[in-house]
Amino acid sequence: MTRFSGVVMATLMLLWGCDGAPAVDQAQPWRAEGKIMGTYYRVLVASPPAAALPGLNEAIERQLAQDNHQISTWQDDTILSRFNRYRGTEPQPITAGMADIVSTALRIGAKTGGAMDITIGPLVNLWGFGPEKQPSMTPDARQIANARARVGLEHLRLIETDKGQWLQKTLPDLYVDLSTVGEGYAIDHLAALLEQRGITRYLVSVGGAVLTRGLSPSQQPWRVAIQHPTDEAVAAEAIVDLQGHGISTSGSYRNYYELNGKRISHIIDPVTGRPIDHKLVSATVIATTALEADGWDTGLMVLGTEKAKQLALREGLAVFLITKSDNGFTTWMSPQFSSFIISRNDKDA
Ligand code: FAD
């Protein structure tokens, strides 16, 4: 068995600094980067006001650690891990931020007909993509059925009142996995932190999600590329100007392992209880927040090309899909996505 991605690779490329245009701002750009949530984060600030910089690095790290401490299932001492370990059905207190991420995830989960399901944890763990070890054998039908019996959005309830927020499960061993939305959540918080300090021109990325505001140091739009879906290639399928939006890509070609000669994707179809096995290889979504974009992309991946197109059109989503074909790949974008495109791979245009 070969694990190809211990650390999730971004399927979006940041082109800042590669656009050939020299930096024209007087103030030097500022940057911070590091590891969080099993992946990498990056913050780039163009023309930062001097007063905004003291302590900024520490504030960014504090914010990321705080988010991780709430929603990580990879550490035992987080609020979410405590909820997952709790074997009762009484409502458990959560933070306002967690209520935000859960309510967004539940809404998108319902819109995708349950394809995006944050109670998928037992199946993610069974197939070896959670904090538990990878399987050395393909899980059998009984194991899959057992895990599936512990999955379902109908078993999770979010309670919000003016006194606080609570999460309640109707199955004592329900396990919530926010991995699919955690990166977008963290990005939106970093964006708010920068804005509070008067920073208005920045790019923030965590794993496969990015958000930009204002112009780059060369007074151009920040440019983000959607990567060609092969293991090695760095070629771009399309380059977009996010115009202040968030973008997120979910793909089946970066995070997988091979078991008995078969590729096992980290994206699980809650209906079959098995990793997806169709020809849609990546779904990219642009939305007003990074959390929203991050929420939709996995659901679209689960649905496959045709149902993802229908959902994108029905919901008016900005979506770019890459599908494997007999002689390469085909791409499709919704009308909303086309308004963000700066350039596109010639063969697809
Ligand atoms: P996305 O497509 O956005 O999400 C795919 C992930 O969502 C899967 O890996 C699975 O966990 C889950 N998923 C699968 N199917 C579905 C479905 N149908 N509906 C909903 N969700 C589904 N990784 C580490 O190796 N070490 C760590 O310490 C670590 N800490 C983390 C802490 C946090 C707070 C978060 C959010 C993630 C952490 N990760 C860690 C996980 C890692 O970075 C994930 O692989 C990543 O979050 C998945 O993001 P993605 O963009 O690759 O995939």
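Counting starts at 1 for both ligands and their atoms, following the listed order. This is a predicted model, so every value here is computed, not measured.
- Within the 4.0 Å heavy-atom criterion, both parts of Thr180, backbone and side chain, lie near ligand 1.
- Remark: among candidates Met301, Met37, His266, the nearest residue to atom 8 (C) of ligand 1 is His266, based on non-hydrogen atoms.
- Here the closest heavy-atom approach between residue Ile187 and residue Ala290 is recorded as CG2-CB, 3.6 Å.
- Side-chain contact check for Ser248 and Asp294: at least one donor-acceptor pair (N or O, by modelled atom type) lies under 3.5 Å.
- Atom 34 (C) of ligand 1 has its nearest heavy-atom neighbour, among Asp67, Asn68, Ile36, in Asn68.
- Listed by atom number, the atoms of ligand 1 under 4.0 Å from Ile71 heavy atoms are 34 (C).
- Here the shortest heavy-atom distance to atom 12 (C) of ligand 1, taken over Asn125, Asp177, Thr119, belongs to Asp177.
- A tilted orientation is assigned to the rings of Phe320 and Phe337, their planes being inclined by 30° to 60°.
- Under the 4.5 Å side-chain heavy-atom criterion for ILVMFWY residues, a single connected hydrophobic cluster contains both Leu171 and Leu178.
- No hydrogens or angles considered: nothing links the side chains of Glu183 and Tyr41 as a donor-acceptor pair under 3.5 Å.
- Within ligand 1, counting atoms from 1 as listed, the ones closer than 4.0 Å to a heavy atom of Gly182 are 36 (C).
- Side-chain N/O atoms of Gln70 and Thr95 include a donor and acceptor closer than 3.5 Å.
- Ligand 1 has an N or O atom lying under 3.5 Å from an N or O atom of Asp117, backbone or side chain.
- If you look at Ala115 next to ligand 1, the close heavy atoms, those under 4.0 Å, all belong to the backbone.
- Ligand 1 places these atoms under 4.0 Å from at least one heavy atom of Ser72: 32 (C), 34 (C).
- Counting only distance, with no hydrogens or angles, the side chain of Ser265 and the backbone of Pro275 share no donor-acceptor pair below 3.5 Å.
- Within ligand 1, the atoms closer than 4.0 Å to a non-hydrogen atom of Val302 are 18 (N), numbered from 1 in the order shown.
- At a heavy-atom distance under 4.0 Å, no atom of Phe129 approaches ligand 1.
- Taking each of Ile120, Ile276, Ile268 in turn, the one with a heavy atom nearest to atom 18 (N) of ligand 1 proves to be Ile268.
- The neighbour count for Asn57 CG, taken as heavy atoms of other residues, nucleotides or ligands under 6.0 Å away, is above 12.
- Close contacts of ligand 1 with Met116, meaning ligand atoms under 4.0 Å from a residue heavy atom, involve 19 (N), 20 (C).
- Taking every non-hydrogen atom of Ile267 and a distance limit under 4.0 Å, the qualifying atoms of ligand 1 come out as 14 (C), 15 (N).
- What you find for Val302 and His278 is that their closest heavy atoms are O-NE2, 3.4 Å.
- Contacts between Asp294 and ligand 1, counted as non-hydrogen atom pairs separated by less than 4.0 Å, involve the side chain only.
- Annotation for Ile144 and Leu123: closest pair O-CD2, 4.1 Å, computed over non-hydrogen atoms.
- Nearest to atom 28 (O) of ligand 1 by heavy-atom distance, out of Trp74, Tyr185, Trp296, Trp127, is Trp74.
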